[in-house]
Amino acid sequence: MDIPNAIKRKALDNTLEITIRVGKQGVNESVIDELKQQLVKRKLIKMKVNQGVASNNEERKLLFESISSESESYLVLQRGNTAVFWSGE
């Protein structure tokens, strides 16, 4: 599915707040469940991962892509340790 330009613009907006933070323990089922719950209420969710969870850009990209597939959402934007997910609605 192609992501609409309006969604991409909203994802780039700096006023979109980080609502999920992933700590030292990394991504687990509770993080995925939280993302799914938030995506029901809001179309866009911004997530930040601690630097120790994924050491380089390739690892972060793979991590965010796996989160996207597990949560049945779309990865709109990944910049550094931050990613924006879209519900698809």
How about [X] and [Y]: do any of their side-chain heavy atoms sit closer than 4.5 Å?
{"X": "Arg60", "Y": "Val49", "result": "no"}
{"X": "Lys8", "Y": "Leu77", "result": "no"}
{"X": "Asn50", "Y": "Val22", "result": "no"}

Not counting sequence neighbours, list each pair that qualifies as a ring-ring contact (aromatic ring centres under 6.0 Å, His included) and has a residue in [range].
{"range": "residues 26-57", "result": "none"}
{"range": "residues 38-57", "result": "none"}
{"range": "residues 19-67", "result": "none"}
{"range": "residues 5-30", "result": "none"}

**OP:** Specify the closest pair of heavy atoms between Leu75 and Ala83, including all atoms of both residues, with the distance to one decimal.
**Re:**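 Looking at all heavy atoms of both residues, the closest pair is CD1-CB, 3.8 Å.
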Please list, chain by chain and in numerical order, all residues satisfying side-chain hydrogen bond (donor to acceptor under 3.5 Å, both in side chains) with [X], sequence neighbours excluded.
{"X": "Asn14", "value": "none"}
{"X": "Asn57", "value": "Gln78"}
{"X": "Ser71", "value": "Ser73"}

With sequence neighbours excluded, what pairs up with [X] under the side chain to side chain contact (heavy atoms under 4.5 Å, CB included) test?
{"X": "Leu16", "result": "Arg42, Leu44, Lys46, Val84"}
{"X": "Asn56", "result": "Glu58, Glu59"}
{"X": "Asp2", "result": "none"}

Could you give the distance from [atom1] ([X]) to [atom2] ([Y]), rounded to the nearest 0.5 Å?
{"X": "Leu35", "Y": "Ile20", "atom1": "CG", "atom2": "CD1", "value": "4.5 Å"}
{"X": "Thr82", "Y": "Lys48", "atom1": "OG1", "atom2": "NZ", "value": "5.0 Å"}
{"X": "Phe85", "Y": "Ile67", "atom1": "CZ", "atom2": "CD1", "value": "5.0 Å"}
{"X": "Ile32", "Y": "Glu34", "atom1": "CD1", "atom2": "CD", "value": "11.0 Å"}

| message | Is it the case that atom NZ in Lys36 sees more than 12 heavy atoms from other parts of the structure closer than 6.0 Å? | response |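 Yes, enclosed.
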Worksheet item: If Ile, Leu, Val, Met, Phe, Trp and Tyr residues are connected whenever their side-chain heavy atoms lie under 4.5 Å apart, and connections chain through other members, are Leu12 and Ile7 in the same group?
Response: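 Yes, Leu12 connects to Ile7 through the hydrophobic network.
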Point to revise | Cluster check Val76, Leu39: I/L/V/M/F/W/Y, side chain < 4.5 angstrom | key: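 No, because Val76 and Leu39 fall into different hydrophobic clusters, even though each may have its own neighbours under 4.5 Å.
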For this session: Provide the full list of side chain to side chain donor-acceptor pair (under 3.5 Å) pairs with a residue in residues 61-70, sequence neighbours left out, each pair given once.
Result: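 Residue pairs passing side chain to side chain donor-acceptor pair (under 3.5 Å), neighbours aside: none found.
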Checklist line | ring pair (Phe, Tyr, Trp, His ring centres under 6.0 Å) partners for Tyr74, two or more places apart | finding: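 Per chain and number, Tyr74 pairs via ring pair (Phe, Tyr, Trp, His ring centres under 6.0 Å) with Trp86.
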